[in-house]
Protein chains: 2
Amino acid sequence: MDEFELDERKTKILDAIIRNYLETGEPVGSRTISKYTDLNLSSATIRNEMADLEEQGYILQPHTSAGRIPSDKGYRFYVDHLMEEKNREVSEMKSFVIEHTEKMDQVLQQVAKILAANTNYATMVTAPTYHKNKVKFIQLSNMNEEQILATVVTEGNLVKNKIIPVNGEIDNETMLKLNFLLNANLNGLALQDINLGTIAKLKEQAGIHSAIISDVLDTVAETIGQEDDIRIYTSGATNFFKYPELSDSEKASELISTFEEKQQLASLVTENLLDEENTGIQVYIGNESPIQTMRDCSVVTATYELGEGVRGTIGIVGPKRMDYEKVMDNLKTLKNSLDGILDKKKEET
Amino acid sequence: MDEFELDERKTKILDAIIRNYLETGEPVGSRTISKYTDLNLSSATIRNEMADLEEQGYILQPHTSAGRIPSDKGYRFYVDHLMEEKNREVSEMKSFVIEHTEKMDQVLQQVAKILAANTNYATMVTAPTYHKNKVKFIQLSNMNEEQILATVVTEGNLVKNKIIPVNGEIDNETMLKLNFLLNANLNGLALQDINLGTIAKLKEQAGIHSAIISDVLDTVAETIGQEDDIRIYTSGATNFFKYPELSDSEKASELISTFEEKQQLASLVTENLLDEENTGIQVYIGNESPIQTMRDCSVVTATYELGEGVRGTIGIVGPKRMDYEKVMDNLKTLKNSLDGILDKKKEET
DNA sequence: TGTTAGCACTCCACAACAACGAGTGCTAAC
DNA sequence: GTTAGCACTCGTTGTTGTGGAGTGCTAACA
């Protein structure tokens with residue numbers, strides 16, 4: 001439907017208006033378009049067409065006697081139909097950083113930073129989480145007379161530890177038994193599989209050490225219970241200042257706060273992560289975004305998949321007049337660099 | 001010396017100027033002081049005294065025919081000699097949060113948040129680190145045929161894990177040997193104690209498994225090697241907007257970036273943490289701060305000590321005209337709430 | 001000798017005003 | 001259907017002037 005609402009000439013004009021506005025951030029007038037395009041039309045003709053486009057809701061006037069700027073609908077049309085999807089080659093720098101940085105959290109922080117430096121927008125990267133997470137391995141070890149160490153590893157290779165206080169050392173044999181008991185009963189289970197029955201059975205078999213079981217189960221719950229503390233790395237929050245339409249201190253302040261309190265950002269992410277089919281790029285224009293403070297922004301996110309089922313999100317937040325082509329290109333590149341990185345690293349060794 | 005440079009009357013006037021400026025943020029004139037103080041002096045007299053104070057460098061004039069504002073030297077004098085140290089009772093709320101939040105990282109984030117909400121300045125809290133850190137315990141475990149899990153615990157009870165890929169499962173006996181080998185050679189050692197000799201000896205004894213030793217040593221280095229990734233929690237970075245002298249977008253942008261790239265903040269912290277004697281509160285006024293972007297700010301930090309040797313820092317960054325009394329009061333309260341919390345929690349269990 | 005009243009002067013903040021120019025809608029001619 | 005022309009709108013920018021807060025200095029006073 002939408003596609004046939006605009007004839008070719010209107011489409012070209014709309015395209016020109018948006019591209020021009022993306023560059024300058026200033027309302028664009030009919031004379032500019034008349035010269036900018038290869039349509040060879042006078043400004044008067046363009047004016048007529050622009051009046052139509054405004055009526056149809058693709059562009060709007062900030063005030064009489066100003067040029068036109070794209071509306072949300074206009075941007076949406078641009079993203080869906082006008083924008084070219086370039087496929088430039090992968091930037092050397094990016095891959096380099098990713099392949100040469102050791103720790104995952106540094107990689108992700110770097111990704112956010114590169115993206116922000118490259119695009120001049122605010123960026124966020126969420127640490128990968130493994131959904132439908134299962135216990136892979138549990139290990140209890142005697143640290144000393146008073147403490148034992150519990151380590152839980154999930155199939156996504158997330159690891160958590162807990163130090164559990166005990167009264168008096170537990171002998172090695174008991175320890176082996178406990179380890180066996182835990183692994184035999186819990187391995188391969190997801191959070192929802194561990195029910196009261198399982199717990200009761202475990203405690204019973206643990207006998208006098210059932211208190212330890214409780215602590216271990218706490219750690220298990222923390223480790224495989226997702227969502228509650230997705231790590232989010234951000235960069236370039238101050239880029240909002242670069243765009244006059246976002247830089248008045250109230251708006252900028254709200255936006256930057258949202259970036260500082262990273263929790264809120266998680267809402268941009270969760271739905272994408274759960275949708276198993278989604279491997280592409282999402283664009284939220286203005287009010288399409290779930291976060292209220294971002295109503296004057298556009299948000300573009302990509303989901304990466306480190307390894308089987310281990311997923312995270314890379315995102316960009318900027319003004320509606322963001323350079324969508326560049327942004328999506330960047331996101332794709334980084335997504336590709338991250339995708340399957342676990343497997344790659346494995347091959348190296 | 002400094003103390004005797006100012007007679008009682010000048011001191012009172014300086015005090016009045018600063019207090020007034022802290023409240024209003026506007027340059028303060030002679031008439032205001034004449035009424036504000038109980039000195040019963042005319043504005044003309046005050047003017048003469050103010051001229052003297054300016055000559056001595058305690059106050060300055062933004063421009064002719066404006067009132068006076070405190071200089072860095074003035075603030076320093078205020079903090080060192082004029083300020084009253086109140087000791088209000090511990091706010092209920094704060095202790096409540098600390099005692100009822102489970103995970104340490106949430107506690108620290110909460111502390112930052114409370115402090116920011118309470119003071120209207122930007123705040124930071126660093127996670128505790130244990131200095132002169134020593135290896136307490138190392139544990140290798142077989143996860144499956146391809147991977148073993150290395151866990152390193154320090155005396156400060158920091159725990160780190162690493163998954164190490166191997167070719168073919170290692171039998172239990174070998175594993176026990178390796179564990180024994182590692183613990184026998186490394187327990188009780190600090191980073192600087194682990195030299196090439198130790199490493200060579202270890203590798204030799206490990207025989208064909210010496211590759212694993214390298215990986216374990218990497219993990220050890222990461223765990224007890226301090227500084228490199230102190231976790232820093234921040235809150236209220238956008239509070240800078242509340243103070244006109246900091247809120248023009250260039251300054252605010254720099255400051256907020258500094259807060260986003262938390263690494264830089266670490267420099268505020270390291271020296272305090274290493275100084276064993278330091279248990280008090282540090283105040284950096286303007287250029288006294290090691291961070292260049294904060295030359296127009298004051299920084300106040302407090303060092304807390306969770307348990308024997310496990311220390312972190314709470315800090316506040318705001319305009320020079322910050323409410324030093326309130327800030328220091330708040331920091332003390334929080335510091336007290338955090339101090340020795342490990343022992344407290346231990347008693348509970 | 002220290003304090004104070006008086007006064008001329010400085011300089012910022014703010015409002016009012018004018019000039020400009022980019023852009024529009026409309027009309028009439030091509 | 002397209003275009004030139006024109007009157008009109010409205011935000012931006014620069015200028016000007018006024019008011020006020022505050023100063024430094026001088027001279028008188030206790």
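Throughout, protein chains are lettered first and strands after them, A, B, ... in sequence-line order, and every chain is numbered starting at 1.
Between A:S65 and the phosphate of C:dA22, there is no side-chain N or O to OP1/OP2 separation shorter than 4.0 Å. Between B:R9 and C:dT3 there is a side-chain polar atom (N or O) within less than 4.0 angstrom of OP1 or OP2.
Nearest-nucleotide positions on DNA chain C place B:N48 closer to the 5' end than the other of B:H63 and B:N48. Comparing A:R31 and B:N40, the nucleotide of DNA chain C nearest to each residue sits closer to the 5' end for B:N40.
Here C:dG23 presents its C1' atom at 15 Å from CD1 of A:I69, a figure rounded to the nearest Å.
For DNA chain D, the span of nucleotides reached by chain B at under 4.0 Å from its heavy atoms goes, 5' to 3', from D:dG22 to D:dC25.
The aromatic rings of B:F240 and B:F259 sit perpendicular, their planes meeting at an angle over 60°, well past the 30° parallel limit. Under the 30°/60° scheme for interplanar angles, the aromatic rings of A:Y58 and A:F77 are found to stand perpendicular.
Surrounding CZ of A:R31 are at most 12 heavy atoms belonging to other residues, nucleotides or ligands under 6.0 Å away.
Base pairing of C:dC12 is made with D:dG19, judged by Watson-Crick or G-U wobble geometry with both donor-acceptor distances under 3.5 Å.
Side-chain contact of A:T37 with A:K12: a donor-acceptor pair under 3.5 Å is absent, judged by distance alone.
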Stepwise, does the side-chain hydrogen bond (donor to acceptor under 3.5 Å, both in side chains) test hold for B:S298 with B:Y324? CA-CA 9 Å; B:S298 280; B:Y324 293 94; 2.7 Å; yes
